[in-house]
Amino acid sequence: MAANQQIDAAASPTRKLLSWYDAHARALPWRAPPGSNALPDPYRVWLSEIMLQQTTVAAVGPYFERFLALWPDVQALAAADDADVMREWAGLGYYARARNLLAAARAVAARGGFPASESGLRELPGVGPYTAAAIAAIAFNEPAVVIDGNIERVASRLFALPDALPAGRARLAAALAPLVPPDRPGDFAQALMDLGATICTPRSPRCLLCPLNGNCLAHATGQQEAFPVKPPRKARPLKRGTLWWIEHAGEVALVRRPPRGLLGGMLALPGTAWSVEGDMSLPFPADWQLLETPVRHGFTHFELELRVAAAHLPHRIAHIAGHDPLWTPRNSLAGLPTLFARAAALALAHLPELESA
DNA sequence: AAGTCGGGGCC
DNA sequence: GGCCCAGACTT
């Protein structure tokens, strides 16, 4: 029938996208193959979604496998020690995610399983609008409108949305909602994300290969790289401070940072506060050695430069600037955020291991 | 609405 | 050096 042929030739953007996904989906450890009948394990979906917040697929991979090996289900994770979870999360960043992960696991275990609705999921700590929609769609087949950074970019180009993000997010959701297929909402969301990651990239999108190039309003006028519209970013100040490498009998003094705020709850090297003025102070008199090379580290909203001062003590001390030190063998330091891990590597490379007296 | 919160990979 | 990444939470 002519009408059917016309419909096939001008298949809906949703069906074109799903067909492309059936052929080109990325194979990822937490993902069910496209169109598979069985829904993926909500625990794996949730764990991957938390890890993937503002974090690349490549960075998440080893962490996901490690967590799944240590804690194969939500009951196991709920029973884990806080310090063990923080140690395993070290290096992945945004450490509030690890604290919320454990709190959410305990809430889920207590109620006997994951909520199956978007609104129920939204009540878990660390689960915001994006993550609730993604889990509902992928793990429970709920037709939720999933919007992450990839989908923002794809959809803003598809509809040529002039509104700057994130203010224009509601309008974007309204434009996208009619395209969500009730039969495959999870695959639809993941297809948009794969499209954004591999074809509809931030710069130099490969529109020639895009299954939606015939539907894309931005591509129609060659303006695809003008979307999405985003406000300019603020400049980041440079802060400075000093880290104290305090060693006794082959052990190094570590401290645990306060439970909230920057690097909250994580192991750290002790040191001064960080400020634009810079603090060069030392905690007590000793034969301090100043390492030549400082450690530089970029955070989202400031740049950091820390010098490292090292001292060998003839005896242990009970307190360092108000902290109870955790004495740790210098050759088995683990669970440090990247900033402190790099400072520790620098110290280990420049300070010889002393013979025991 | 604006700030806070990591780290790495890419151009 | 700036931008981006399967954002959430606080104020």
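Reminder, nothing fancy here: chain letters follow the sequence lines and each chain counts from 1.
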Exercise for the section: Can you tell me which residue pairs pass the ring-ring contact (aromatic ring centres under 6.0 Å, His included) test with a partner in residues 110-152 of chain A, sequence neighbours excluded? Expected result: A:Trp46-A:Phe114
Problem - Between P of B:dG7 and CG of A:Leu339, the distance in whole Å - result: 7 Å
Practice task
Could you tell me whether the side chain of A:Arg97 and the main chain of A:Ile50 form a donor-acceptor pair under 3.5 Å?
Solution key: yes
Completion exercise
With a 4.0 Å cut-off (strictly under) to non-hydrogen atoms of chain A, the first and last hit nts on DNA chain C, 5' to 3', are C:dC4 to C:dC9
Handout entry: Contact nearer the 5' end of DNA chain C, comparing A:Gly126 with A:Arg31
Key = A:Arg31
Exercise for the section: Using the P atom as the reference point in each nucleotide, state the distance between B:dC5 and C:dA6 in Å, no decimals. Expected result: 23 Å
Handout entry: Side-chain donor or acceptor of A:Arg153 paired with backbone N/O of A:Cys200 under 3.5 Å
Key = yes
Exercise for the section: Send over the distance from A:Phe302 CZ to B:dG7 P, rounded to a whole Å. Expected result: 10 Å
Practice task
Could you list the residues that satisfy salt bridge (Lys or Arg N to Asp or Glu O under 4.0 Å) with A:Arg106, not counting sequence neighbours?
Solution key: A:Asp82
Handout entry: Closest contact, heavy atoms only, A:Asp163 versus A:Arg171
Key = OD1-NH1, 3.1 Å
Exercise for the section: Specify the separation, in whole Å, of atom CH2 of A:Trp274 and atom C1' of B:dC5. Expected result: 12 Å
Exercise for the section: Sequence neighbours left out, what passes ring pair (Phe, Tyr, Trp, His ring centres under 6.0 Å) with A:Trp30? Give chain and number order. Expected result: A:Phe64
Practice task
Could you pull out all residues at least two apart from A:Arg44 that satisfy side chain to side chain donor-acceptor pair (under 3.5 Å)?
Solution key: none
Got a list of side-chain donor-acceptor pairs under 3.5 Å for residues 226-239 of chain A, not counting sequence neighbours?
| from | atom 1 | to | atom 2 | distance (Å) |
| --- | --- | --- | --- | --- |
| A:Arg236 | NH1 | A:Phe299 | O | 2.6 |
| A:Arg236 | NH2 | A:Glu303 | OE1 | 2.9 |

Exercise for the section: Would you mind classifying the nucleic acid contact of A:Ser48 as base, sugar-phosphate or nothing, using non-hydrogen atoms under 4.0 angstrom? Expected result: nothing
Practice task
Look at the side chain of A:Thr300 and the base of B:dG6, then say whether one donor and one acceptor between them are separated by less than 3.5 Å.
Solution key: yes
Practice task
Tell me, with the steps shown, if A:Thr198 and A:Leu209 meet side chain to side chain contact (heavy atoms under 4.5 Å, CB included).
Solution key: CA-CA 10 Å; A:Thr198 63; A:Leu209 301 178; over 6 Å; no
Problem - C1' atoms of C:dC5 and B:dA1, separation to the nearest Å - result: 22 Å
Exercise for the section: Mind checking A:Phe299 for me? I need base, sugar-phosphate or nothing, with any heavy atom below 4.0 Å counting as a touch. Expected result: sugar-phosphate
Handout entry: Nearest-0.5 Å distance, OG of residue A:Ser48 to CG of residue A:Leu68
Key = 10.0 Å
Practice task
Take atom P in C:dT11 and the same atom in B:dG6, then report the distance between them in whole Å.
Solution key: 16 Å
Exercise for the section: Give A:Val127 one of three labels, base, sugar-phosphate or nothing, depending on what nucleic acid heavy atoms sit under 4.0 Å from its own. Expected result: sugar-phosphate
Practice task
Using a cut-off of strictly less than 4.0 Å between a heavy atom of the residue and any atom of DNA chain B, enumerate the qualifying residues of residues 259-273 of chain A by number.
Solution key: A:Gly261, A:Leu262, A:Leu263
Check nucleotides 1-3 of chain B against the protein and report each pair of N or O atoms closer than 3.5 Å, with its distance, or say if there are none.
none

Handout entry: Residues clustering with A:Ile317 (ILVMFWY side chains joined when closer than 4.5 Å, directly or via others)
Key = A:Trp244, A:Ile246, A:Leu282, A:Phe284, A:Trp288, A:Leu313, A:Ile320, A:Trp327
Problem - Atom pair distance, as rounded to whole Å: CD in A:Glu303 and C1' in B:dC5 - result: 15 Å
Practice task
Could you tell me whether the phosphate oxygens of B:dG7, OP1 or OP2, come under 4.0 Å of any side-chain nitrogen or oxygen in A:Thr338?
Solution key: yes
Handout entry: Side-chain donor-acceptor contact under 3.5 Å, A:Gln190 with A:Arg31
Key = yes
Exercise for the section: Classify the nucleic acid contact of A:Trp30 as base, sugar-phosphate or nothing, counting any heavy atom under 4.0 Å across all strands shown. Expected result: base
Fill in the blank from the handout: Atom CG of A:Leu92 and atom P of B:dG7 are separated, to the nearest Å, by 9 Å
Problem - Strand contacts (DNA chain B) in residues 93-102 of chain A, 4.0 angstrom heavy-atom criterion - result: A:Gly93, A:Tyr94, A:Tyr95
May I have the list of side-chain donor-acceptor pairs in residues 261-274 of chain A shorter than 3.5 Å, sequence neighbours left out?
| from | atom 1 | to | atom 2 | distance (Å) |
| --- | --- | --- | --- | --- |
| A:Thr272 | OG1 | A:Thr242 | N | 3.0 |
| A:Thr272 | OG1 | A:Asp279 | O | 3.4 |

Handout entry: Same-atom distance (P) from B:dG9 to C:dA8, integer angstrom
Key = 24 Å
Exercise for the section: With heavy atoms under 4.0 Å as the rule, sort A:Leu28 into base, sugar-phosphate or nothing. Expected result: base
Problem - Heavy-atom donor-acceptor pair, A:Arg157 side chain to A:Gln224 backbone, under 3.5 Å - result: yes
Practice task
Look at all strands and tell whether A:Arg169 reaches a base, only sugar-phosphate, or nothing, counting heavy atoms closer than 4.0 Å.
Solution key: nothing
Exercise for the section: Among Ile, Leu, Val, Met, Phe, Trp and Tyr joined by side-chain contacts under 4.5 Å, find the other residues sharing a cluster with A:Leu39 and list them by chain and number. Expected result: none
